[in-house]
> 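I'd like to ask you about the structure that follows.
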Amino acid sequence: MANYSVRNQVAIISLCSPPVNALSSDVRRGILDSLKKAEQDVKVAAIVICGEGRTFCVGADITEFKSEFKTFPNLFELVDILESSPKPIVAAIHGHAFGGGLEVALACHYRVALSSAKLALPEVKLGILPGAGGTQRLPRLIGIDSSMQWIAFGDEYSAQIAANIGIIDRIFPSNADILESAVQYAQSIIGKSLINRRVSKLPVKDASKVSHIMEKYKQIVGKKSRGAIAPMVCLEAIKHAALLPYVEGMKKERMGIEALMGSDQSKSLIYMFFAERQVRNWTIPGTGINSKNTKPIKVEKVAVIGLGTMGRGIVLSLLKAGIKHVSVMELNKTARENGLLFIKNILEGYAARGTISETQKRSMVDALKPVSNFEMLKDTDLVIEAVFESMSIKKDIFAKLGQVCKPSAVLATNTSALDVDEIAMVTPKPKQVVGMHFFAPAHVMKLLENVRGSKSSPQVIATAMNMGQRMGKVTVLVGNCHGFVGNRMFRHYTVETDFMLEEGAYPEQVDTVLKKFGFAMGRYQVGDLSGNDIGYRMRTKFEMTNKQQPPGAPERERHGVRYCPLADFLVESGRLGYKSDGKGWFRYLGKNRELTVDNEVTSMIDSYRRRNKIVPRKINGEEIIERALYPLINEGFKILEEGIASNPMEIDLILVHGYAWPRHTGGPMFYAHLIGLPKILRVIERHWNNAGLREPHWEPSKMLVRLVKNHGNPDIMSWTTLERETVRSAL
Ligand SMILES: CCC/C=C/C(=O)SCCNC(=O)CCNC(=O)[C@H](O)C(C)(C)COP(=O)([O-])OP(=O)([O-])OC[C@H]1O[C@@H](n2cnc3c(N)ncnc32)[C@H](O)[C@@H]1OP(=O)([O-])[O-]
């Protein structure tokens with residue numbers, strides 16, 4: 001709803017829909033009713049629209065998208081009604097003016113804001129476009145170029161930046177009373193002509209350059225938002241602002257939003273939006289323990305052990321989260337000095353870019369406390385171990401931590417695959433131990449996969465979850481198993497793509513198909529970037545690499561299971577990727593490290609096929625997608641079945657935020673839901689029937705089989721409940 005009052009000739013319409021004043025049908029109706037009152041009241045000479053509570057308005061109510069166009073006034077009707085008001089309207093912005101909220105503001109005749117306010121048209125991140133005149137009004141205020149930047153990427157901007165380019169007419173200090181300031185401002189413009197204040201009537205300044213600007217953004221969008229439809233539709237809509245009168249442009253905008261709203265990509269992105277919020281409410285499956293009934297312990301002092309790539313990023317994440325005491329322990333002098341220098345340089349960079357102030361930078365540097373022995377960690381609240389991935393080294397460290405740390409200290413390991421329970425058992429209090437699996441570089445990557453050991457106490461879990469949220473991470477709680485959720489699933493993707501190389505595909509073909517699907521890079525380019533030796537080291541642990549095999553051992557089999565040694569040959573011939581002189585699955589040439597196909601790799605694959613008498617066959621894009629992605633989805637169902645993740649959203653967040661799975665498909669589980677579970681199962685069963693135990697990753701998940709058998713293609717939100725019911729009724 002919207003509240004209405006009048007103060008000294010100024011009518012105040014305040015949006016009131018906690019917590020973020022989304023523009024539900026009630027709020028839109030409230031604005032319209034209040035506007036009518038203000039227009040009819042002869043004592044009112046100007047109008048202020050503001051938001052109650054913590055924010056101005058975050059835009060359309062996403063939960064009402066299905067009925068958005070049906071109820072009067074919908075948003076695009078409302079903005080035109082506002083703009084045509086004969087009385088001047090001032091938008092008073094604090095907190096956020098996002099999406100439809102900013103479009104309402106653009107329809108007002110003046111916009112004022114607190115300096116702390118943030119503005120954005122982020123609809124593209126929901127797979128739609130700013131369909132309430134945003135694509136038509138913004139270019140008339142700030143030009144085509146800036147509008148494409150704002151709308152096609154949906155990023156947020158400070159009120160000051162918005163003022164610099166002409167969106168905001170007056171900025172007030174962040175501690176000012178926005179309503180009071182806006183009312184005074186409104187009084188100052190009473191009686192002024194509205195002729196140049198109706199944005200839809202203004203010309204687009206850089207309209208003549210539209211084709212050139214459009215080309216520029218098409219290129220950027222093509223690279224940055226691979227496979228996403230909405231950014232291109234946004235660009236088209238903005239182009240129409242330059243080429244057509246406002247009314248015609250609005251018709252095009254409407255066509256654009258009608259095409260996008262309800263599309264699979266939009267559904268996926270909206271699912272992601274709610275998943276990112278839902279995941280804060282963690283739960284331990286089958287126990288009744290959850291975020292609502294468990295409190296974290298208070299964490300003031302944190303320690304990080306190890307200042308390698310992971311440790312440095314973790315320290316930076318803690319500093320950014322405002323932790324005032326971060327002990328860092330690295331026994332190797334060079335690594336310690338390099339690590340501290342790296343951290344300080346990054347902080348300098350943040351300060352130079354204005355991401356943090358000089359004062360904040362100084363206090364972050366002051367918070368760093370290098371320590372040289374375990375004794376010095378005795379009053380630390382949370383220790384995060386981030387040393388080399390070796391069970392014996394980690395056990396050594398945890399044994400020492402168990403001796404010196406206070407009993408309430410939370411002891412976390414940043415392992416990416418090792419058994420958290422085994423590590424915990426060397427301490428006197430395994431319930432204090434938890435996994436915190438960060439992703440490199442940890443100060444950049446949004447994902448934190450927290451691992452509950454079988455003994456981790458609820459309070460310890462709550463503390464790790466709370467710390468992740470304080471660091472601004474998408475923090476997902478998972479159970480303890482080899483590779484946890486992400487690495488466990490992703491392994492099948494690499495295994496199966498390598499099998500396709502054996503059978504007839506080439507790395508460039510596989511990568512092209514995966515990039516078309518939406519991955520920023522294909523599986524082989526990612527291998528080259530992160531280093532093909534990483535996987536090799538892992539395979540070495542399980543005695544699987546080519547070099548470890550005794551003479552005469554079958555080349556394409558390990559422990560009775562199908563195996564492709566091509567990745568081993570690559571590493572054993574020194575092709576680790578970017579870092580080995582630009583040689584990996586591909587060759588990276590020149591200053592820009594241009595990716596090129598390398599005949600050496602092609603010959604290696606060809607001769608391997610000849611040696612093994614494999615007759616190559618044509619593998620099409622559909623097969624590549626199915627074989628690369630479906631085994632991974634199958635593993636996702638096994639993870640749900642085992643209670644390692646408590647719902648599909650958690651799995652999807654991990655793959656999207658940690659493994660660059662394209663967000664606009666909603667993650668592997670949502671993608672499976674869109675494709676339809678019966679089709680997914682059919683393909684999995686076909687491969688399983690052909691390969692059997694030689695390819696165990698194709699063994700269908702029992703949960704997937706049960707869901708399809710009993711419910712066909714149930715809604716993703718019901719999967720875990722239906723599974724629980726089926727299992728319970730079978731007992
Ligand atoms: C149709 C014509 C064209 C117009 C299109 C649009 O405007 S499209 C819209 C374009 N606008 C956007 O895309 C903006 C989307 N919103 C955001 O990006 C962020 O909310 C924020 C950055 C504005 C504030 O972050 P923050 O960390 O301070 O807060 P928070 O994120 O935790 O949210 C608090 C609660 O509010 C909920 N909720 C939030 N927004 C909406 C909404 N629009 N609707 C419904 N609900 C919404 C959110 O789910 C959460 O609920 P929970 O979990 O407590 O039950």
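Each ligand, and each atom within it, is numbered from 1 in the order the structure gives.
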> More than 12 heavy atoms of other residues, nucleotides or ligands under 6.0 Å from NZ of K361: yes or no?
yes

> Does atom CE of M445 have more than 12 heavy-atom neighbours from other groups under 6.0 Å away?
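Atom CE in M445 is packed in, count exceeds 12.
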
> Once you measure the plane-to-plane angle for W150 and Y157, does it fall in the parallel (<30°), tilted (30-60°) or perpendicular (>60°) bin?
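Geometry flag for Y157 against W150: parallel rings.
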
> Check for me whether the distance between the ring centres of F439 and Y659 falls short of 6.0 Å.
yes

> So between I62, V79, V124, I257, whose heavy atom ends up nearest atom 42 (C) of ligand 1?
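Among I62, V79, V124, I257, the closest heavy atom to atom 42 (C) of ligand 1 belongs to I62.
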
> Which atoms from ligand 1 have a heavy atom of P122 less than 4.0 Å away?
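Counting atoms of ligand 1 from 1, those under 4.0 Å from P122 are 11 (N), 12 (C), 13 (O).
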
> Side chains of T71 and R28: do they bring a donor and an acceptor to under 3.5 Å?
yes

> Output yes when the distance from some N or O of ligand 1 to some N or O of A60 is under 3.5 Å, and no in every other case.
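Min N/O separation from ligand 1 is below 3.5 Å for A60.
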
> Below the 3.5 angstrom mark, is there an N/O of R54, backbone or side chain, next to an N/O of ligand 1?
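Yes.
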
> Taking only non-hydrogen atoms of E103, do any sit less than 4.0 angstrom from ligand 1?
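In this structure, E103 qualifies as a contact of ligand 1 - some heavy atom is under 4.0 Å.
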
> Return yes when F76 approaches ligand 1 closer than 4.0 angstrom through a heavy atom, no otherwise.
no

> For D61, which part has a heavy atom under 4.0 Å from ligand 1: side chain, backbone, both, or neither?
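Contact part for D61 vs ligand 1: both backbone and side chain.
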
> Answer side chain, backbone, both or neither: which part of L126 comes under 4.0 Å from ligand 1, heavy atoms only.
side chain

> Looking at G99, which atoms of ligand 1 are within less than 4.0 Å of one of its heavy atoms?
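So the answer, numbered in order with elements, is 7 (O), 10 (C).
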
> Would you mind running through ligand 1 and noting each atom that sits below 4.0 Å from a heavy atom of F65?
8 (S)

> Could you verify whether a donor N or O on one side chain and an acceptor N or O on the other, from Q160 and N164, lie under 3.5 Å apart?
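The criterion, which ignores hydrogens and geometry beyond distance, is satisfied for N164 and Q160.
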
> Using a 4.0 Å cutoff against the non-hydrogen atoms of P19, which atoms of ligand 1 qualify?
35 (C), 36 (O)

> Hey, does I238 have a side-chain heavy atom less than 4.5 Å from the side chain of I144?
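Yes - at least one pair of side-chain heavy atoms lies under 4.5 Å apart.
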
> Quick one: are L138 and I167 in side-chain contact, heavy atoms under 4.5 Å?
yes

> Answer yes or no: does an N/O atom from V58 fall short of 3.5 Å to an N/O atom of ligand 1?
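Between V58 and ligand 1, an N or O pair is found under 3.5 Å apart.
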
> Around atom NZ of K295, are there more than 12 heavy atoms from other residues, nucleotides or ligands closer than 6.0 Å?
no

> With heavy-atom distances below 4.0 Å as the criterion, list the atoms of ligand 1 near V20.
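So the answer, numbered in order with elements, is 36 (O), 38 (N), 39 (C), 40 (N).
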
> Below 4.0 angstrom from a heavy atom of G59, which ligand 1 atoms are there? Numbered from 1 as shown, please.
7 (O)

> Any atom of ligand 1 sitting under 4.0 Å from a heavy atom of E64?
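No, that is not the case, since the closest heavy atom of the residue is not under 4.0 Å from the ligand.
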
> In terms of atom number and element, which parts of ligand 1 are under 4.0 angstrom from non-hydrogen atoms of F274?
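Result: 49 (O).
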
> Look only at interatomic distance and state if G100 has a nitrogen or oxygen under 3.5 Å from any nitrogen or oxygen of ligand 1.
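Yes.
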
> Verify the distance criterion only: is there a donor paired with an acceptor across the side chains of Y185 and D169 at less than 3.5 Å?
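Looking only at side-chain atoms, D169 and Y185 do not form any donor-acceptor pair under 3.5 Å.
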
> Can a donor-acceptor pair be found, under 3.5 Å and without considering hydrogens, that links the side chain of N647 to the backbone of E650?
yes

> Got an N/O contact under 3.5 Å between H96 and ligand 1?
no

> Do the side chains of E276 and K446 get close enough for a salt bridge, i.e. N-O under 4.0 angstrom?
no

> Which one of E276, E253, R280 has a non-hydrogen atom at the shortest distance from atom 27 (O) of ligand 1?
R280

